Novice: 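Just dropping this structure here.
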Amino acid sequence: MAALVSNTNLQGENVSIDCDGTNQQGENMNETIEDGNVLPFPGVAARDPVDLTPGTAYEVVTRAKVEELATDVKEIRDRIDGIFWLIAASIVVQIALRAMGIGH
């Protein structure tokens, strides 16, 4: 028999899990639900989702600045990608011209 780990959940109920990942009813505690969420611990009520709305004016201003920064970083990345493709295209053209004997 596998070793048993016992603990008390938030409701004060005693819950035990074997070291092989099954609970006392033999249910596998390592399985996941179809949408990828982990099954809740037996006897523990599902928690409310995390509230990501800003609660203070500071959080609103900080979020706005972070979003502006993300937009600026994306623009810079797009420009760098454009420069990369320009350099790559000029190298390909130079190689083609040399292959045809037109370039030096």
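We number each residue from 1, following the sequence as shown. What you see is a predicted model, and the numbers here were worked out from it, not measured in a lab.
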Novice: Report the residues that fulfil side chain to side chain contact (heavy atoms under 4.5 Å, CB included) with I83, sequence neighbours left out, ordered by chain and then residue number.
Specialist: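 Residues passing side chain to side chain contact (heavy atoms under 4.5 Å, CB included) with I83: I87.
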Novice: Strictly by side-chain hydrogen bond (donor to acceptor under 3.5 Å, both in side chains), give each pair with a member in residues 73-83 just once, sequence neighbours left out.
Specialist: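 Non-adjacent pairs meeting side-chain hydrogen bond (donor to acceptor under 3.5 Å, both in side chains): K74-D78, E75-R79.
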Novice: Report the hydrophobic cluster partners of V73, with the cluster defined as I, L, V, M, F, W, Y residues connected by side-chain heavy atoms closer than 4.5 angstrom, directly or transitively.
Specialist: L69
Novice: How is the hydrophobic cluster of I80 composed, in terms of its other members, when Ile, Leu, Val, Met, Phe, Trp and Tyr link through side-chain heavy atoms under 4.5 Å apart, directly or indirectly?
Specialist: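 I80 clusters with I76.
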Novice: Answer with yes or no whether the hydrophobic clustering places I102 together with V93; edges join I, L, V, M, F, W, Y residues whose side-chain heavy atoms lie under 4.5 Å apart.
Specialist: yes
Novice: Under 4.5 Å side-chain heavy-atom separation, chaining through any Ile, Leu, Val, Met, Phe, Trp or Tyr, what else clusters with W85? Say none if it is isolated.
Specialist: F84
Novice: E67: which residues meet the side-chain hydrogen bond (donor to acceptor under 3.5 Å, both in side chains) condition with it, sequence neighbours left out?
Specialist: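 Checked E67 against side-chain hydrogen bond (donor to acceptor under 3.5 Å, both in side chains); zero matches.
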Novice: Between side-chain atoms of residues 57-64 and protein atoms elsewhere (two or more places apart, or another chain), which donor-acceptor pairs fall under 3.5 Å?
Specialist:
| from | atom 1 | to | atom 2 | distance (Å) |
| --- | --- | --- | --- | --- |
| E59 | OE1 | G55 | N | 2.5 |
| T62 | OG1 | Y58 | O | 2.7 |
| R63 | NH1 | L52 | O | 3.1 |
| R63 | NH2 | L52 | O | 2.5 |

